[in-house]
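Notes follow the structure.
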Amino acid sequence: MSKQGLMYAAVVAASIATLTVDANEASAHHGWSEYNDQKTLNVTGKIQQVSAGNPHTTIRLKSGNKVWTAVLAPPTRMERRGLPQGSLKAGQTVRLVGYPHRSEANEMRVERLIVGDRTVELR
C-alpha cells in the first residue's frame, strides 16, 4: 500500500474509533423520565462505595440511617468537569443535589456534587 493509502486508512480508522466511542456514550444514556425533576433532593453523607464505569459513575452514600445509590455522570464527563477517576473515595463527606427515582426509594440522579469547598456541575 502506498504512503498516501496508509495515511488515508489511518484517518478512516481513527474516525471510526471516534464515532464508535461517541455512539457508545450516547447509547449508554437512558431517558431521565424515571427521575422526578420536580422534587430536588439535597443529601449530605459519607461515601461508602464508588463505581466508576459506564454508562454512569455511581456512589453509595450513607446519610443518617439511609444508604443512597447516587447515579452521577459518565466517567468521561466527570473528568471534563474536574472530577477525574479516583477523586471520590470511600469515607469522604459529600453533598449531592439531584432528583429522586420515581420507584426506587433509595436512588437519585445527581446534578451537582459538592466536596469540600468545590462544587461540580455534572449535567
Side-chain angles (χ1 to χ4, degrees):
M1 187 179 281
S2 71
K3 195 174 197 178
Q4 185 178 14
L6 286 173
M7 287 179 61
Y8 177 75
V11 168
V12 169
S15 297
I16 289 170
T18 299
L19 290 172
T20 301
V21 168
D22 288 346
N24 284 341
E25 192 169 309
S27 69
H29 290 93
H30 47 81
W32 291 114
S33 62
E34 43 196 84
Y35 296 91
N36 181 357
D37 64 359
Q38 301 302 305
K39 182 179 179 188
T40 302
L41 296 172
N42 284 281
V43 179
T44 300
K46 284 197 185 258
I47 295 174
Q48 304 292 297
Q49 179 183 13
V50 178
S51 298
N54 285 317
H56 299 279
T57 298
T58 59
I59 61 174
R60 295 194 40 87
L61 184 83
K62 184 167 175 80
S63 177
N65 292 328
K66 190 170 187 175
V67 177
W68 289 90
T69 297
V71 179
L72 287 77
T76 54
R77 183 177 308 147
M78 291 193 43
E79 189 161 324
R80 287 191 303 259
R81 302 288 167 91
L83 272 177
Q85 204 164 1
S87 294
L88 299 175
K89 296 177 174 43
Q92 279 180 308
T93 298
V94 296
R95 189 173 117 205
L96 307 176
V97 179
Y99 307 119
H101 195 282
R102 292 184 190 277
S103 60
E104 300 293 329
N106 295 340
E107 184 176 321
M108 69 182 294
R109 167 184 140 196
V110 179
E111 295 290 317
R112 182 176 307 115
L113 183 141
I114 299 97
V115 57
D117 61 353
R118 208 164 123 204
T119 300
V120 181
E121 298 294 332
L122 300 178
R123 304 282 172 232

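Positions are given from 1, in the same order as the sequence printed here.
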Inset, instruction - List the atom of Thr44, the atom of Leu61, and the distance in Å for their closest heavy-atom pair. - result: C-CD2, 4.4 Å

Legend entry - Point-to-point distance, once rounded to the nearest 0.5 Å, from OG of Ser63 to CE of Met108: 9.5 Å

Legend entry - side chain to side chain donor-acceptor pair (under 3.5 Å) partner of Tyr35, the single match among Arg102, Glu111, Glu107: Glu107

Inset, instruction - Go through the steps to decide whether Thr69 and Asn106 satisfy the test side chain to side chain contact (heavy atoms under 4.5 Å, CB included), and finish with yes or no. - result: CA-CA 6 Å; Thr69 297; Asn106 295 340; 5.6 Å; no

Legend entry - Contact summary for Trp68 and Ala105, nearest pair of heavy atoms: CZ3-O, 3.7 Å

Inset, instruction - Determine whether Ile47 and Lys89 make a side-chain contact, defined as any pair of heavy atoms from C-beta on separated by less than 4.5 Å. - result: no

Inset, instruction - Please identify each residue that fulfils side chain to side chain contact (heavy atoms under 4.5 Å, CB included) with Lys46, with sequence neighbours left out. - result: Gln48, Thr93

Legend entry - Main-chain N/O of Arg95 paired with Arg112 side-chain donor or acceptor, under 3.5 Å: no

Legend entry - Non-hydrogen atoms of Asn36 and Tyr99 that approach each other most closely: O-CB, 3.4 Å

Legend entry - Shortest non-hydrogen contact from Val71 toward Arg123: O-NH2, 3.6 Å

Legend entry - Heavy-atom side-chain proximity of Val110 to Ile59 below 4.5 angstrom: no

Legend entry - Pairwise distance CG(Leu113) to CZ(Arg81) - rounded to 0.5 angstrom: 12.5 Å

Inset, instruction - Rounded to the nearest 0.5 Å, what's the gap from CG on Leu41 to CZ on Arg109? Could you check? - result: 11.5 Å

Inset, instruction - For Leu88 and Met78, work out which heavy atoms get closest and say how close. - result: CD1-CE, 4.0 Å

Inset, instruction - Flag yes if more than 12 heavy atoms outside Glu121 fall under 6.0 Å of its CD atom; otherwise flag no. - result: yes

Inset, instruction - Flag yes if Ile114 and Leu72 sit in one hydrophobic cluster, no otherwise; membership is Ile, Leu, Val, Met, Phe, Trp, Tyr, and two members link when side-chain heavy atoms are under 4.5 Å apart. - result: no

Inset, instruction - Work out which heavy atom in Ala73 is nearest to a heavy atom in Leu122; give both atom names and the distance. - result: CB-O, 3.7 Å

Inset, instruction - Show your working on side chain to side chain contact (heavy atoms under 4.5 Å, CB included) between Val97 and Thr40 and close with a plain yes or no. - result: CA-CA 7 Å; Val97 179; Thr40 302; 3.7 Å; yes

